[in-house]
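The structure appears below as structure tokens.
What you see is a predicted model, and the numbers here were worked out from it, not measured in a lab.
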Amino acid sequence: MSILKPVVWQAFVTALLSCTVVLIHGQEESNKNLWNPFPLPSRNTTKNVYFSITDFGAVGDNSTLNTINIQNAIKAAGMAAKTYSHITYVVVPGNTDSEMIFKSGKVSLMSSVYLLIEPGATLHGSSQQKDYGEDWDYWHLVQGVNVSNTGIIGLSNNGKPGAAGGTLRGCMWQMVKTYDKETHSYVQDNWSGLGMNCLGECRPKNLAFIDAVNVTVVGIKILDSSDWTQLFRRCHNVLEERVYVEGNQQWGNNDGVDFESGTNLTVKNSYFRTGDDCLAFRSGNCNTLRTPWPVGADGRIQPVKGVTIENLFLSSSSAAIKLEALQQENHGDLEDVIIQDVTIRESNRGIGIWQRDGNGTLGNIHVKNVDIETQFVPMPQFWGSAEPLIVTSIPDGEPWVSVGLKGIHNVTFENIVAKSEGGALFSGLCKNYETRKAVQNLQLRNISITIADITNINRGLHDYRPLTSSCVKEVVDRLVDAMAFEQSVEANLIDVQLAFESGKVVSNWSMKCINYTPDVQITTSDLVCHNHSTLL
């Protein structure tokens, strides 16, 4: 049972996931026809288009291992797509009266082949290491590597794409070692890597696309991943829409979706409830890989550019949305991001931007129309302190004075309403070796933040994790301010209302609406503070 209070969001989720699918198209004219998999051709009149896995011997009894059968169906579909120059579909058939569960190890999609999972069908990942191959960089239930015009589609009962479609389920529950009562979380099993010294989270992901172009994931449920639920690494032109993602909130590193480098990335009209970050974006990766990451002639990793996040419902034991440059020296840029019309509930953190490493800039980020509720979680292994908004540029590594971060610039938060147990944090600590600010042109417009007592967990701290630098501790005890600005930050506040919950006396509240260090540059207009002892 989740340590967080259960919440019934059915009406919201139903409305959210019933939105009309609008497919985006690739940049290359030659890809446009192939990438759009809708409308689906009639199964009665079109040959060489649909390939049911049961025609290749797959059995949906939740026992038979169907890896080879499914892969053979994909190969046949791929051959037809190449021969006839049209999109093909590998069908995982369903039965709404009695669910058909097809157990499988890793399967690999091909170009112009979509996996179509029907209502009443589940593709369930094996819990056996041997069923995923030897290379731990590619432990995925479904993957697409060096492919184009591909993805996964779920169908509702009326034959149209919808979240009532089929399910992609991982093997999380088969990889539980025990339950830790002190940390209120599950202890996970890790695979050995077959002698290849797997590092980090050595468990399979549900879905991954690597070096792929024109990818569509629409209308499916993705559940119970033992590691990150989805990974898009160096992908271009990605659409994820009407997807329902859920992982246990007491399970670490089951992120909803991670994007590592890529352009034109869209996630919309979807629901995520996970233990770790719901959505994470970074240039490069934050884990040690067996396969070296390719870099450009300038020695830098490919950027993340052109991100649209729209109409989502998010809940996380860590961050709802994370934009980051962490744990790698040559991160590239992360820029041109739009986040809008998002609801966040029962999350340890709301929306955050973290810069610790790399020589890229994080900027041109616009966040608007967001409703946030953040609260403390009783699981200390999850990073965060109930911050509704957090922006930090802090150099990692030793000596930290030589880490040449380029900073975070041109970030706007607009039309934000937050009820939170922790305050917003904007920090440029340890940035003393350059004249410009670590966080530049931070705009806060029409912001309302109320500090409230939601869980009765009295905690006051600034959580800078991950951080190994000696310039500041990872976690620092601090009373809760509505907003805190630390060193090397340049911010403009317009129409900002801050408050502490009326009638409450909580020991970890500072009762300061804004707390800031002397070297911060703040301009304000129409700043109001309620139920406080100190405004600035």
Side-chain angles (χ1 to χ4, degrees), residues 13 17 37-38 40-44 46 48-78 80 87-110 113-128 131-132 140-144 150-175 204-208 216-226 229-230 242-247 271:
V13 173
L17 299 177
F38 305 112
L40 299 180
S42 170
R43 300 199 194 187
N44 297 325
T46 307
N48 302 313
V49 172
Y50 294 99
F51 297 79
S52 174
I53 62 173
T54 54
D55 290 341
F56 292 80
V59 180
D61 60 1
N62 197 25
S63 176
T64 304
L65 187 67
N66 298 290
T67 312
I68 296 175
N69 313 84
I70 297 171
Q71 194 63 58
N72 285 341
I74 293 171
K75 289 178 181 178
I87 288 174
T88 58
Y89 302 86
V90 171
V91 180
V92 182
N95 184 333
T96 55
D97 294 327
S98 179
E99 184 181 15
M100 299 179 70
I101 302 176
F102 296 89
K103 183 171 287 187
S104 178
K106 178 175 65 181
V107 295
S108 299
L109 291 172
M110 300 174 66
V113 177
Y114 287 81
L115 189 65
L116 195 160
I117 308 179
E118 292 186 335
T122 293
L123 189 61
H124 191 180
S126 165
S127 61
Q128 300 301 308
D131 296 327
Y132 293 86
H140 314 126
L141 173 54
V142 177
Q143 68 176 20
T150 187
I152 302 185
I153 302 168
L155 291 180
S156 61
N157 290 327
N158 61 11
K160 296 181 179 180
T167 300
L168 191 67
R169 186 183 295 274
C171 60
M172 183 201 83
W173 292 110
Q174 288 74 42
M175 299 198 72
K205 301 174 178 64
N206 277 17
L207 178 63
T216 300
V217 178
V218 59
I220 64 169
K221 297 183 287 290
I222 313 178
L223 310 176
D224 296 340
S225 184
S226 65
T229 303
Q230 303 172 83
R242 276 203 282 178
V243 173
Y244 182 102
V245 175
E246 187 161 16
Y271 171 99

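In this structure a side-chain-to-backbone donor-acceptor pair under 3.5 Å is present from N206 to L223. Using a distance-only test at 3.5 Å, with no hydrogens or angles considered, a donor-acceptor pair links the side chain of Y50 to the main chain of P41. H124 places no side-chain N or O within 3.5 Å of a backbone atom of L168 that could act as its donor or acceptor partner.
Put simply, the side chain of S127 does not reach to within 4.5 Å of the side chain of W173, judged on heavy atoms. Proximity of L109 to I74: side-chain heavy atoms (C-beta onward) are separated by under 4.5 Å at one or more points. With a 4.5 Å cut-off on side-chain heavy atoms, L123 and I70 count as touching. Side-chain contact between I222 and I152 is absent, with no heavy-atom pair separated by less than 4.5 Å. Side-chain contact between P204 and K106: absent, with no pair of heavy atoms (C-beta onward) separated by less than 4.5 Å.
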N/O donor to acceptor pairs below 3.5 angstrom from side-chain atoms of residues 54-61, sequence neighbours left out:
| unit_1 | atom_1 | unit_2 | atom_2 | d |
| --- | --- | --- | --- | --- |
| T54 | OG1 | S52 | OG | 2.8 |
| D61 | OD1 | S63 | N | 3.0 |
| D61 | OD1 | T64 | N | 2.8 |
| D61 | OD1 | T64 | OG1 | 3.2 |
| D61 | OD2 | T64 | OG1 | 2.9 |

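Scanning for side chain to side chain donor-acceptor pair (under 3.5 Å) contacts around D224 gives R169, with sequence neighbours left out. Residues that satisfy the side chain to side chain donor-acceptor pair (under 3.5 Å) test with T122, not counting sequence neighbours, are E99. Partners of A121 under the side-chain contact (heavy atoms from CB on, under 4.5 Å) rule, at least two apart in sequence or in another chain, are V92, I117. Judged as a ring pair (Phe, Tyr, Trp, His ring centres under 6.0 Å), and not counting sequence neighbours, F51 has no contacts. With sequence neighbours left out, L65 forms a side-chain contact (heavy atoms from CB on, under 4.5 Å) with T67, K103, S126, D131.
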